[in-house]
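Structure first, then comments.
By convention in this document, chain letters (A, B, ...) are assigned in the order of the sequence lines, proteins followed by strands, and residues within each chain are numbered from 1.
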There are 2 protein chains.
Amino acid sequence: MEESQALKSLSALSDATRLRMLRFLVTAGEDGAPAGSIGEHAGAAPSRASFHLAALAQAGLVVPERVSRQIIYRVDFDALGGLMGYLIEDCCGGHPTVRACCGPAKRTGA
Amino acid sequence: MEESQALKSLSALSDATRLRMLRFLVTAGEDGAPAGSIGEHAGAAPSRASFHLAALAQAGLVVPERVSRQIIYRVDFDALGGLMGYLIEDCCGGHPTVRACCGPAKRTGA
DNA sequence: TCAATATTTCTTGAATTGTTGAGATATGCA
DNA sequence: TGCATATCTCAACAATTCAAGAAATATTGA
């Protein structure tokens with residue numbers, strides 16, 4: 001992951017509505033959820049929900065798919081995992097100390 | 001972790017200078033690094049470095065400690081891990097599917 | 001084709017945030 | 001005490017971003 005991509009993702013998540021949306025979609029897993037439902041859970045009017053979902057999609061954190069008259073959004077778990085990996089890359093210079101500093105989310109390959 | 005805390009952390013990381021600073025401090029591990037050195041690595045003038053480090057500290061992502069005339073900053077790895085845990089809490093509703101959607105950074109207790 | 005549902009686009013105004021540069025504070029040493 | 005180093009604080013300006021509501025687009029079924 002590149003810095004610019006990480007910044008896009010982090011900026012996208014720096015908003016209460018979008019953070020709630022992403023967390024809701026995380027719990028929804030592979031099934032995803034339609035825009036209307038997501039907006040409801042996040043407490044956003046349809047217009048706002050559309051705007052924020054577009055921002056999440058633009059950041060690459062979610063992927064839209066039209067199904068009939070609904071648009072289903074799903075978390076891109078690779079992107080989310082990649083973002084986390086980016087944050088803790090080369091943790092402790094590769095030689096972790098006593099504390100479990102690299103513990104919570106270490107994934108070298110990301 | 002609460003939403004407001006997560007938002008503070010994510011907002012703090014939504015800036016190129018601060019993101020570089022945090023990543024630099026992650027590689028520095030427990031030793032941390034002095035403000036001047038951090039600013040240099042992030043390409044920020046002392047004034048800017050101070051401002052951004054204060055923002056990171058305010059968000060709870062780093063912790064300052066004065067050592068002689070320098071101020072050493074260290075990543076709060078618990079806070080960073082907690083943030084990641086918050087993002088993927090209740091991943092896939094607790095029943096992960098085929099894909100390793102909950103893989104990269106799962107830590108239930110956070 | 002017409003009506004209803006689901007979602008997106010557009011416009012305006014308000015609020016937040018980043019940058020810069022100078023000046024202030026704290027520490028260490030002669 | 002007086003100087004140099006390391007870091008922080010402050011004020012004005014520019015740029016980005018969010019919210020709200022009305023209107024437009026796409027899909028479905030009668």
Side-chain angles (χ1 to χ4, degrees), chain A residues 3-25 28 31-76, chain B residues 3-25 28 31-76:
Chain A
E3 181 183 87
S4 66
Q5 181 56 47
L7 279 172
K8 280 182 195 170
S9 300
L10 290 166
S11 298
L13 292 176
S14 303
D15 175 87
T17 301
R18 291 195 292 265
L19 182 56
R20 288 194 205 110
M21 285 175 156
L22 185 96
R23 278 168 41 92
F24 173 62
L25 284 177
D31 295 337
S37 167
I38 301 169
E40 246 181 276
H41 278 270
S47 164
R48 283 286 88 196
S50 173
F51 173 81
H52 287 301
L53 283 169
L56 286 172
Q58 175 68 28
L61 288 168
V62 304
V63 177
E65 179 197 0
R66 177 174 278 280
V67 175
S68 179
R69 75 177 73 178
Q70 294 184 316
I71 295 189
I72 305 296
Y73 284 87
R74 295 183 179 82
V75 173
D76 183 333
Chain B
E3 181 184 87
S4 66
Q5 181 56 46
L7 280 172
K8 280 183 195 169
S9 300
L10 290 165
S11 297
L13 292 176
S14 303
D15 175 89
T17 302
R18 291 196 291 267
L19 183 56
R20 287 195 205 111
M21 284 175 157
L22 186 95
R23 278 170 40 94
F24 174 62
L25 284 178
D31 296 337
S37 167
I38 300 169
E40 245 181 279
H41 277 270
S47 164
R48 282 288 85 197
S50 173
F51 172 81
H52 287 301
L53 283 169
L56 286 172
Q58 177 67 29
L61 288 168
V62 303
V63 177
E65 180 198 359
R66 178 172 277 279
V67 174
S68 177
R69 76 177 72 178
Q70 295 183 317
I71 295 189
I72 305 297
Y73 285 87
R74 294 185 180 82
V75 173
D76 183 333

Straight-line distance of Leu61(A) CG to Leu53(A) CG, nearest 0.5 Å: 11.5 Å
How long is the straight-line distance from CG of Leu25(A) back to CD1 of Ile38(A), given to the nearest 0.5 Å? 4.0 Å
Tell me: CZ of Arg69(A) to P of dA24(D), nearest whole Å? 20 Å
Find the distance between CZ (Arg23(A)) and CG (Leu13(A)) and round it off to the nearest 0.5 Å. 11.0 Å
Under-3.5 Å N/O pairs linking protein and nucleotides 9-17 of chain D:
residue : atom : partner  : partner atom : Å
dT9(D)  : O4   : Ser47(B) : OG           : 3.1

Side-chain (Gln5(A)) to main-chain (Ala59(A)) donor-acceptor, under 3.5 angstrom: yes
Approximate separation, where rounding is to 0.5 Å, of Leu56(A) CG and Asp76(A) CG: 11.5 Å
Decide if atom CD of Glu3(A) counts as having more than 12 heavy atoms of other residues, nucleotides or ligands within a radius under 6.0 Å. yes
For a 4.0 angstrom threshold against heavy atoms of chain B, report the outermost contacting nucleotides of DNA chain C in 5' to 3' order. dG18(C) to dG28(C)
Inter-residue atom distance Gln58(B).CD - Lys8(B).NZ, 0.5 Å rounding: 6.0 Å
Nearest-Å distance, CZ (Arg66(B)) to P (dT5(D))? 16 Å
dC18(D) C1' sits how many Å from His52(A) NE2, rounded? 7 Å
Arg48(B): side-chain contact (heavy atoms from CB on, under 4.5 Å) partners, not counting sequence neighbours: Ala44(B), Phe51(B), His52(B)
